[in-house]
Amino acid sequence: MAIRVYNTMSRTKEDFVPREPGKVAMYVCGPTVYNHIHVGNARTFLSFDVIRRYLMWRGYEVTFVQNITDVDDKIIKRAQEEGRSPAEIAETYTLAFRSAMDALGVLPPTRQPLATQTIPDMIAMVERLIERGHAYVVDGDVYFSVRSYPGYGELSGRDIDELEAGARVEVDERKQDPLDFALWKAAKPGEPHWPSPWGEGRPGWHLECSVMSERELGVPFDIHGGGSDLVFPHHENERAQSEAATGKQFVRYWMHGGMLQIDSEKMSKSLGNFLLLKDVLAKHPAAVIRMLMLQTHYRSPLDFSDARLDEAAAALERITNAVRNLQWAVETAGGGPGASSDARSALADAVREARQRFEEAMDDDFNTAGALAAVFELGRKCNAFLAENASVLAADDRAVLVDAAAAIRELLGVLGIELQPAEREAEPSADVIGMARDLAGYSGSDPDEALRALLAAREAARAERNWEAADAVRDALGVLGYAIEDTPQGPRVVRRGGDWG
RNA sequence: GGCGACGUGGCCAAGUGGCAAGGCAGGGGCCUGCAAAGCCCUUAUCCCCGGUUCGAAUCCGGGCGUCGCCUCCA
C-alpha cells in the first residue's frame with residue numbers, strides 16, 4: 001500500500017511517489033532567528049520530524065533540509081533595540097533554536113543552510129528572473145512581477161484580481177502591480193548588506209527558501225513543509241519565483257500543518273498569547289509535549305493548555321506502565337506452568353495487529369492519533385494478559401512479552417517518544433541509606449543494599465501483619481519519590497513523577 | 001467583503017457510505033491488609049434542517065457556530 005499524502009496544491013490526498021524510488025527529498029521552512037521559538041512553531045517542526053521519522057522507518061532514505069533565516073527586518077529591529085549587531089542576534093537565537101529542537105527530540109536536519117551563506121546563489125536567481133522578464137529593478141530594489149507568472153495563486157487557491165480588490169497592502173507607486181514582492185532590498189544605512197549588480201542590499205524573505213531548497217535538493221523535490229500560515233504569501237511566492245526561474249516544477253507535495261491555539265485563538269507573537277518552547281520544556285518532559293501534539297492530526301488546529309498537558313502526561317504514564325509491567329513479568333517469569341498456548345498466541349496476534357494498525361494509520365497522511373490508538377490498544381491487551389497470567393508464567397513465556405514491549409517501544413520511537421530504559425527507574429539515592437538505618441537497622445553504605453533492606457523490613461512487618469511498620473517504610477520511600485507496588489511476584493519499586501522522556 | 005477549514009460522549013480526539021478507535025475525567029465491580037499498578041462493566045439521536053442512497057458522522061444543498069488566510073507569522 002502506498003503512503004497517502006494530503007497535498008495543499010491539489011487539496012486532496014495523493015499517493016506518495018517520490019521522484020527517485022526509495023529516496024525522499026524534503027524541505028521545511030525554518031525559523032527567523034530573532035527570538036526564541038514558541039510552542040506553535042515547535043508544533044510544525046515536530047509534525048515534520050515525525051513525518052521524516054516515519055518515512056525513514058518505512059525504508060526511505062530521507063534528505064531533510066531546513067534553512068535558518070538569519071537576515072531579516074525583524075532581526076535588524078531586534079538588534080537595534082538591544083544595541084547588538086544583527087549577526088550576534090542571529091547567532092544567539094540560532095543556537096537557542098538548535099538546543100530547543102534537540103531537547104524536544106527533533107532530529108537534526110541533514111543540512112541546515114544559512115541565508116547569509118547563500119547570497120551569491122540568491123543574486124544568481126534574481127539575475128535569472130530579470131533576464132527572463134519576471135523581475136524588474138527600481139532604485140536598487142528588485143521586484144518579482146506576479147503577472148509574469150501565469151500560475152500565481154494556484155497553490156493558495158487565490159485569484160490575482162480578487163486579491164487586488166481586497167488588498168490591504170500599502171500602495172507602493174514604484175511597483176508595477178500591488179502584489180509584486182521584493183526579491184532584493186536596497187540596504188538602508190546601518191543595515192546588513194551585500195554587494196550586488198543593483199547596489200548594496202539584502203535578499204527578500206521569500207527568495208532564500210527558493211534558492212536554498214534548489215541548491216540543496218534540486219528541483220522538483222518531494223516535500224515542502226511549513227505551517228498553514230505560510231501558504232500565502234510565502235509559499236505562493238516561492239513557487240512563483242522558482243518555477244519562473246527554472247521553468248520546472250518546484251515541489252511535488254506541499255504539506256502544511258495546522259495552527260496551535262490558546263483558548264481557540266492562534267498562538268502568535270502579535271497576539272502576545274505565546275509560550276516559549278524552552279519554558280514549556282523546563283516544566284514538562286519532551287515525551288509529554290510530543291504525546292499531546294501527536295494525539296491530534298497534524299493538519300488540525302490544536303488547543304494548547306496546562307490541562308491538556310496533564311492529560312497527555314497521564315496518557316504517557318499509562319503506556320509506560322504497560323511496558324514496565326511487561327518487563328517486570330519478564331524478569332520474574334519462571335516456575336509456573338506457563339500461559340495457555342491460546343493466550344500466548346492471542347498476545348502475539350495483538351502485537352501483529354498493533355503494528356499493522358499503526359502502519360495503516362500512518363500511511364494515511366500520517367495519522368498519528370490513529371497510530372497512537374493502536375499502541376494504547378496493545379498496551380491494554382498486554383495488561384489484560386498479565387492480569388490473567390502473571391502468576392503462572394513460565395520461562396518460555398518470556399519471548400512474547402519481550403516482543404510486545406519491544407513493539408511498543410519501537411512504535412513510539414517512530415513518533416519520537418522515547419521511554420526511559422527500565423533499569424534506570426529506581427536507582428536509589430544516598431538518602432535511602434539513612435532511612436534504612438532508621439527503619440531497617442541497616443549499617444552499610446550501599447544505596448542498593450539499603451533499598452533491599454527496607455523492602456525486606458517491610459515484608460517482615462507485613463508477614464507479622466504489622467501494617468503500621470510496613471506503611472512507614474512505604475510512606476518514607478514515597479517522600480523520596482519511590483513507590484512500592486506489591487505484585488504476586490513480590491514488591492517492586494518504581495520512581496514516581498520522574499524524568500520520563 | 002473574498003477564499004478555505006472545522007463542528008463526533010463531561011473534556012480531548014480518530015474515523016470520507018455498511019454494527020462510532022483511542023486518551024483523560026466520572027461512576028460501579030474485581031484484585032490488594034490498605035494502597036499502587038491493572039482488569040472488567042458503564043455514558044453518543046455524530047451542530048440543526050432538507051436531499052441522494054437499500055443504507056450517511058461520512059456525499060449534496062441551506063442554516064447556525066468556531067477558527068484560519070487575505071499584512072510579518074510555524
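Every chain is numbered from 1 and lettered A, B, ... according to where its sequence line falls, protein lines coming before strand lines. Any value given below was found using the heavy atoms of this structure, including those in side chains, with hydrogens, waters and symmetry copies removed.
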Exercise for review: Take A/Arg239 and A/Glu154, measure what salt bridge (charged side-chain N to carboxylate O under 4.0 Å, His left out) needs, and give me the verdict at the end.
Suggested key: CA-CA 10 Å; A/Arg239 173 173 180 263; A/Glu154 283 175 358; 2.8 Å; yes
Practice item. Decide yes or no, distance alone: a donor-acceptor N/O pair under 3.5 angstrom between the base of B/G2 and the side-chain of A/Asp159. Key: no
Revision key, fill the gap. B/U16 -> Watson-Crick or G-U wobble partner, both distances under 3.5 Å, gives none
Review point. Expressed in angstrom and rounded to an integer, what is the separation of A/Leu271 atom CG from B/U71 atom P?
Key: 16 Å
Practice item. Mind listing the closest non-hydrogen atom pair of A/Leu155 and A/Arg11 along with its distance? Key: O-NH1, 3.6 Å
**Study point:** Span that lies between the C1' atom of B/C72 and that of B/G18, in whole angstrom
**Key:** 49 Å
Check your understanding: Contact class for A/Leu386 (heavy atom, under 4.0 Å): base, sugar-phosphate, or nothing?
Key -> nothing
Practice item. Side chain of A/Ser264 only, please: which of B/G33, B/A37, B/C67 is the nearest? Key: B/C67
Review point. Paired with B/U66: which nucleotide, if any, by Watson-Crick or G-U wobble criteria at under 3.5 Å for both distances?
Key: B/A5
Check your understanding: Could you give the NE2-to-P distance, from A/His256 to B/C3, as a whole number of Å?
Key -> 21 Å
Exercise for review: Take the angle between the ring planes of A/Phe366 and A/Tyr54 and call it parallel below 30°, perpendicular above 60°, tilted in between.
Suggested key: perpendicular
Review point. The side chain of A/Arg158 lies closest to which of these nucleotides: B/A74, B/G33, B/G2?
Key: B/G2
Practice item. Check whether any side-chain nitrogen or oxygen of A/Asn321 sits under 4.0 Å from OP1 or OP2 of B/G38, and answer yes or no. Key: yes
Point to revise | Of A/Gly226 and A/Arg11, the one whose closest RNA chain B nucleotide lies more 5' | key: A/Arg11
Practice item. With heavy atoms under 4.0 Å as the rule, sort A/Glu388 into base, sugar-phosphate or nothing. Key: nothing
Check your understanding: When you measure from the side chain of A/Asn466 to the backbone N and O of A/Ala469, does any donor-acceptor pair fall under 3.5 Å?
Key -> yes
Check your understanding: What do you reckon, are the aromatic ring centroids of A/Phe64 and A/Tyr27 less than 6.0 Å apart?
Key -> no
Practice item. Could you tell me whether a side-chain N or O of A/Asp70 sits under 3.5 Å from a main-chain N or O of A/Leu114, the two making a donor and an acceptor? Key: no
Check your understanding: Base, sugar-phosphate, or nothing: which does A/Asp72 touch, judged by heavy atoms less than 4.0 Å apart?
Key -> nothing
Check your understanding: What distance, rounded to whole Å, do you find between the two P atoms, one in B/G15 and one in B/U53?
Key -> 28 Å
Check your understanding: Taking only side-chain nitrogens and oxygens of A/Lys266, does any of them come within less than 4.0 Å of OP1 or OP2 of B/C69?
Key -> yes
Point to revise | Integer-rounded Å distance: B/A74 P and A/Gln261 CD | key: 16 Å
**Study point:** Distance, C1' atom - from B/C67 to B/C47, rounded to whole angstrom
**Key:** 16 Å
Exercise for review: Please report, rounded to the nearest Å, how far the P atom of B/G38 is from the NZ atom of A/Lys381.
Suggested key: 18 Å
Review point. Rounding to the closest angstrom, what is the interatomic distance between B/C54 and B/C48 at atom P?
Key: 24 Å
Check your understanding: Of the nucleotides B/C12, B/A37, B/A74, which one has an atom closest to the side chain of A/Arg492?
Key -> B/A37
Revision key, fill the gap. Re B/U45: Watson-Crick or G-U wobble partner, both distances kept under 3.5 Å, found to be none
Point to revise | Minimum-distance nucleotide to A/Asp486 side chain [options: B/G33, B/C72, B/G38] | key: B/G33
**Study point:** B/G61 to B/A20 separation - P atoms, rounded to the nearest Å
**Key:** 26 Å
Review point. NA contact type, A/Gly257, heavy-atom cut-off 4.0 Å: base, sugar-phosphate, or nothing?
Key: nothing
Review point. Which whole-number value in Å describes the distance from A/Phe304 CZ to B/C11 P?
Key: 21 Å
Review point. In whole angstroms, how far is the C1' atom of B/C6 from the CG atom of A/Asp303?
Key: 13 Å
Check your understanding: When you measure from the side chain of A/Arg458, which nucleotide among B/G33, B/A36, B/C70 comes out closest?
Key -> B/G33
Study note, to complete from the structure: Atom CD of A/Gln489 and atom C1' of B/C31 are separated, to the nearest Å, by 13 Å
Review point. So, A/Gln356 versus A/Glu360: side-chain donor-acceptor pair below 3.5 Å or not?
Key: yes
Check your understanding: Who is the Watson-Crick or G-U wobble partner of B/C11, with both distances under 3.5 Å?
Key -> B/G23
Exercise for review: Using the C1' atom as the reference point in each nucleotide, state the distance between B/C19 and B/G51 in Å, no decimals.
Suggested key: 25 Å
Practice item. Quote, to the nearest angstrom, the P distance that separates B/A57 from B/G1. Key: 33 Å
Point to revise | Distance between C1' atoms of B/G50 and B/A14 (Å, rounded) | key: 28 Å
Review point. Would you say A/Phe45 stacks on B/A74, if stacking means ring centres under 5.5 Å apart and planes within less than 30 degrees?
Key: no
Practice item. May I ask you to decide if the ring planes of A/His234 and A/His206 are parallel, tilted or perpendicular, using 30° and 60° as cut-offs? Key: tilted
Check your understanding: In B/S/- notation, 5' to 3', how is nucleotides 14-25 of chain B contacted by protein heavy atoms closer than 4.0 Å?
Key -> SS-----BSBS-
**Study point:** Ring-face cation of A/Arg78 near A/Tyr34 (centre distance under 6.0 Å, axis angle within 45°)
**Key:** no
Review point. Is B/G38 paired to anything, Watson-Crick or G-U wobble with both distances less than 3.5 Å, and if yes, which nucleotide?
Key: B/C30
Review point. How about A/Phe97 and A/Phe45: are their ring centroids closer than 6.0 Å?
Key: yes
Check your understanding: Base, sugar-phosphate alone, or nothing: which one does A/Met291 contact when heavy atoms must sit under 4.0 Å apart?
Key -> nothing
Review point. Within the structure shown, what part of the strands sits under 4.0 Å from A/Ile484 by heavy-atom distance: base, sugar-phosphate, or nothing?
Key: base
Check your understanding: Does A/Gln112 offer a backbone N or O that forms a donor-acceptor pair with the side chain of A/Gln66 under 3.5 Å?
Key -> no
Check your understanding: When the nearest nucleotide of RNA chain B is assigned to A/Gly379 and to A/Lys269 on a heavy-atom basis, which residue is associated with the more 5' position?
Key -> A/Gly379
Exercise for review: Name the closest nucleotide to the A/Asn383 side chain, picking from B/A37, B/G33, B/G38.
Suggested key: B/G38
Point to revise | Length of the CG-P vector between A/Leu230 and B/U71, whole Å | key: 14 Å
